[in-house]
Amino acid sequence: MQGPRFASPKLAARKLTALDATIEAATAHGVKVSANIVIPDRSHVDRVLRIIERHGRAVIVRMLVSLEDGGASIDAMQAVVDHLGAVPVSRIVTAGASDQRVRYRLPDGRTLYAKSIRPARLPETCTGCRFNNDRDCQEGYYGVRLYRAADGPFMVGVCIRRMDLCMSLGEFVMSQRCHEVAAFRADEAARLTKLHATTLRAG
Ligand code: SF4
């Protein structure tokens, strides 16, 4: 709603109404709805609080760190958490992908997530990638995604920055890359389990 295309308040209002109707229809039919909201800095705190207030019952809200804004973004997420009196319940780390999140419980029992990124790179594919540095690839490896080519087959991608790596589903399941993805996840699951078992014992 904030892009130049939505400079017309009428068009933005229509889009927001459509969004409300979508959320209502989904929840009325038992479809789980989640909303990812990027928070660049403290100037967005009020906007996020309004969204949580308005939709937080029907929608699971996930605040996302803005990779370009780093510390300012994390600080703003903390401001939302403090304002709501949210209590951290668990930390979820996804093995084999850069996703990690903290689950919070709000005083009225609702759930709120704060998502951030941890360094994760595919051992073979990312090593040879021209974007493999902290500036060009801040998100890292985020997991596989399924696409449908226009009038074509289902495709599997491993990186939104490198769509040239997409393969048809059939090709992917038989490929070395599929093996690499699965092995990376298994290795990380074992490593993280061991690491956090040690941390829990030490704590
Ligand atoms: S841009 Fe994609 S393929 Fe390249 S290093 Fe980053 S995650 Fe890996």
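Residues Val156 and Tyr147 are members of separate hydrophobic clusters, defined by side-chain heavy-atom contacts under 4.5 angstrom among Ile, Leu, Val, Met, Phe, Trp and Tyr. Leu195 and Phe184 fall into different hydrophobic clusters, where Ile, Leu, Val, Met, Phe, Trp and Tyr are joined by side-chain heavy atoms under 4.5 Å apart, directly or via other members. A single hydrophobic cluster is not seen to contain both Val93 and Tyr141; linkage of ILVMFWY side chains at heavy-atom distances under 4.5 Å, directly or through other members, places them apart. No path of Ile, Leu, Val, Met, Phe, Trp and Tyr side chains, each step under 4.5 Å between heavy atoms, connects Leu146 with Met163, placing them in separate hydrophobic clusters. By the criterion of side-chain heavy atoms lying less than 4.5 angstrom apart, applied directly or through intervening Ile, Leu, Val, Met, Phe, Trp or Tyr residues, Val38 is not grouped with Ile74; the two fall into different hydrophobic clusters.
Looking only at atom types and distance, the side chain of Asp134 has no donor-acceptor partner in the side chain of Gln138 under 3.5 Å away.
Cys166 approaches Gly157 most closely through the heavy-atom pair SG-CA, 3.7 Å. In terms of heavy atoms, Ile117 sits closest to Glu139 at CG2-O, 3.5 Å. Taking every heavy atom of both residues into account, Ala86 and Leu106 meet most closely at CB-CD2, 3.5 Å. Contact record, Ala95 with Arg118: CA-NH2, 4.1 Å, taken as the closest heavy-atom pair.
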Apply side-chain contact (heavy atoms from CB on, under 4.5 Å) to Met167 and Arg177, showing your working.
CA-CA 10 Å; Met167 298 178 194; Arg177 187 158 300 130; 3.2 Å; yes
Evaluate the criterion salt bridge (charged side-chain N to carboxylate O under 4.0 Å, His left out) for residue pair Arg101 and Asp99; output intermediate values, then yes/no.
CA-CA 7 Å; Arg101 60 191 75 182; Asp99 171 58; 2.9 Å; yes
Determine whether Ile39 and Arg47 satisfy the following criterion, side-chain contact (heavy atoms from CB on, under 4.5 Å), listing intermediate values before the conclusion.
CA-CA 9 Å; Ile39 309 188; Arg47 174 179 70 93; 5.5 Å; no
Show your reasoning for whether side-chain contact (heavy atoms from CB on, under 4.5 Å) applies to Val65 and Met77.
CA-CA 8 Å; Val65 71; Met77 288 211 286; 3.8 Å; yes
Chi angles and distances behind the side-chain contact (heavy atoms from CB on, under 4.5 Å) call for Val181, Val158
CA-CA 9 Å; Val181 164; Val158 292; 4.2 Å; yes
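Remark: the backbone N or O of Ala189 is not paired with any side-chain donor or acceptor of Arg185 at under 3.5 angstrom. Side-chain N or O atoms of Thr125 include none that pairs as donor or acceptor with a backbone N or O of Leu122 at under 3.5 Å. Although no hydrogens or angles enter the test, the distance criterion places no donor-acceptor pair under 3.5 Å between the side chain of Thr94 and the main chain of Ala97. Here the side chain of Ser66 pairs no donor or acceptor atom with the backbone of Pro40 at under 3.5 angstrom. Of the possible polar contacts, one joining the Glu180 side chain to the Glu124 backbone as a donor-acceptor pair under 3.5 Å is found. At least one donor-acceptor pair closer than 3.5 Å links the side chain of His29 to the backbone N or O of Ala25. Using a distance-only test at 3.5 Å, with no hydrogens or angles considered, no donor-acceptor pair links the side chain of Asp41 to the main chain of Ala72.
Through direct or relayed side-chain contacts under 4.5 Å between Ile, Leu, Val, Met, Phe, Trp and Tyr, Tyr113 connects to Ile60, Ile92. Apart from Val87 itself, the hydrophobic cluster it occupies contains nothing, where clustering links Ile, Leu, Val, Met, Phe, Trp and Tyr at side-chain heavy-atom distances under 4.5 Å.
Side-chain contact check for Arg91 versus His196: some heavy-atom pair is nearer than 4.5 Å. The shortest distance between side-chain heavy atoms of His83 and Leu49 falls below 4.5 Å. Here the side chains of Tyr142 and Ile160 are not in contact, with every heavy-atom distance at 4.5 Å or above. Side-chain contact between Arg54 and Asp20 is present, with at least one heavy-atom pair separated by less than 4.5 Å. Put simply, the side chain of Lys115 reaches to within 4.5 Å of the side chain of Leu64, judged on heavy atoms. Considering only heavy atoms from C-beta on, Arg121 stays 4.5 Å or farther from Pro123 through its side chain. Within the 4.5 Å cutoff, the side chain of Leu112 has no heavy atoms near those of the Arg62 side chain. Under the 4.5 Å side-chain criterion, counting only non-hydrogen atoms from C-beta, Val89 is not in contact with Val102.
Distance check, rounded to the nearest 0.5 Å: CD of Gln78 to OG of Ser73 gives 12.0 Å. Residue Thr27 holds its OG1 atom at 10.5 Å from NE2 of His55, rounded to the nearest 0.5 Å. Taken from SG in Cys129 to CG in Leu165, the straight-line distance is 7.0 Å, to the nearest 0.5 Å. Rounding to the nearest 0.5 Å gives a distance of 4.0 Å between OG of Ser116 and CD of Gln100.
Within 6.0 Å of CD in Glu53 there are 12 or fewer heavy atoms belonging to other residues, nucleotides or ligands.
Both tests pass for Arg161 against the ring of Phe131: distance under 6.0 Å to the centre and angle within 45° of the axis.
A salt bridge links Arg191 to Glu188: at least one charged side-chain nitrogen sits closer than 4.0 Å to a carboxylate oxygen.
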